[in-house]
Amino acid sequence: MNLFDLDWRFWAAVLGAAFVRVVTSENHSPVRSALTIGMAVFAAWTFTDVTLHYLSLPPTTYRNPIAALLALTGEGLMRFAINAVNDPGKALDVWNKWRGK
């Protein structure tokens with residue numbers, strides 16, 4: 001079965017990672033869980049091939065693991081980006097802490 005030209009192993013990795021993300025999240029409301037799963041699927045589906053291309057990794061080997069990682073981290077990264085746009089001072093604080101200042 002190919003949904004959006006991706007096989008079932010890709011979707012199993014994405015949905016498995018999204019499930020882990022929901023189970024380990026602090027807030028378990030139905031709406032929050034649905035949004036988390038939606039954002040995890042969106043991040044993995046949208047950014048997997050871009051990430052593989054950027055890192056010059058062979059898709060046949062790394063597509064599913066990268067998709068799972070993006071599903072786990074994508075929602076958090078999108079939330080951070082939105083918060084950084086809304087409050088650049090916090091983003092600069094994170095940047096300075098990361099650089100050791």
Side-chain angles (χ1 to χ4, degrees):
M1 178 177 99
N2 288 345
L3 182 63
F4 300 114
D5 289 329
L6 297 164
D7 67 352
W8 68 271
R9 290 177 292 262
F10 173 88
W11 293 112
V14 169
L15 292 176
F19 178 73
V20 168
R21 178 82 171 120
V22 168
V23 169
T24 59
S25 71
E26 297 171 2
N27 189 343
H28 291 288
S29 72
V31 172
R32 175 82 183 224
S33 297
L35 287 173
T36 298
I37 290 172
M39 289 298 101
V41 169
F42 173 78
W45 178 63
T46 304
F47 298 114
T48 297
D49 287 337
V50 174
T51 304
L52 290 171
H53 177 73
Y54 180 75
L55 297 174
S56 300
L57 296 172
T60 54
T61 305
Y62 292 103
R63 177 173 279 128
N64 299 339
I66 293 293
L69 286 173
L70 288 170
L72 282 171
T73 61
E75 186 248 347
L77 292 172
M78 286 186 272
R79 187 180 324 121
F80 174 78
I82 291 168
N83 289 335
V85 169
N86 289 332
D87 189 0
K90 287 184 182 178
L92 288 174
D93 289 342
V94 170
W95 176 257
N96 287 329
K97 286 179 184 177
W98 185 63
R99 291 183 58 208
K101 292 184 177 181

Original post:
Which residues pass the side-chain hydrogen bond (donor to acceptor under 3.5 Å, both in side chains) test with R32, sequence neighbours left out?
Top reply: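 R32 satisfies side-chain hydrogen bond (donor to acceptor under 3.5 Å, both in side chains) with no other residue.
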
For the [atom1] atom of [X] and the [atom2] atom of [Y], what is their distance to the nearest 0.5 Å?
X	Y	atom1	atom2	value
M39	T46	CE	OG1	9.0 Å
R79	L35	CZ	CG	10.5 Å
T48	L57	OG1	CG	11.5 Å
M78	T73	CE	OG1	9.0 Å

Between [X] and [Y], what is the shortest heavy-atom contact and its length?
X	Y	result
D49	R63	OD1-NH2, 2.7 Å
N64	A13	O-CB, 3.7 Å
A91	A84	CB-CB, 3.5 Å
V41	L15	CG2-CD2, 3.9 Å
A67	A44	O-CB, 3.5 Å
R21	G76	NH2-N, 3.9 Å

Cluster overlap [X] with [Y], hydrophobic side-chain contacts below 4.5 Å:
X	Y	result
I82	F80	no
V14	W45	yes
W11	V22	yes

Subject >> Pair listing, side chain to side chain donor-acceptor pair (under 3.5 Å) test, anchored in residues 81-91, at least two apart >> reply: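 Listed by first then second residue: nothing to list.
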
Original post:
Side chains of F47 and I66: closer than 4.5 Å at any heavy-atom pair?
Top reply: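 Side chain of F47 against side chain of I66, heavy atoms only: no contact under 4.5 Å found.
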
Subject >> Minimum side-chain heavy-atom gap Y62-L55 below 4.5 Å >> reply: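 A side-chain contact is absent here, since even the closest heavy-atom pair is not under 4.5 Å.
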
Original post:
Is the backbone of F10 close enough, under 3.5 Å, to the side chain of D7 for a donor and an acceptor to pair up by distance?
Top reply: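 Yes, because the side chain of D7 sits within donor-acceptor range (under 3.5 Å) of the backbone of F10.
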
Subject >> Remaining members of the apolar cluster that contains L72, side-chain heavy atoms under 4.5 Å >> reply: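 Other cluster members: V20.
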
**OP:** May I ask you to check whether W98 and W95 place their ring centres under 6.0 Å from each other?
**Re:**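 Judged by ring-centre distance (under 6.0 Å), W95 and W98 do meet the cut-off.
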
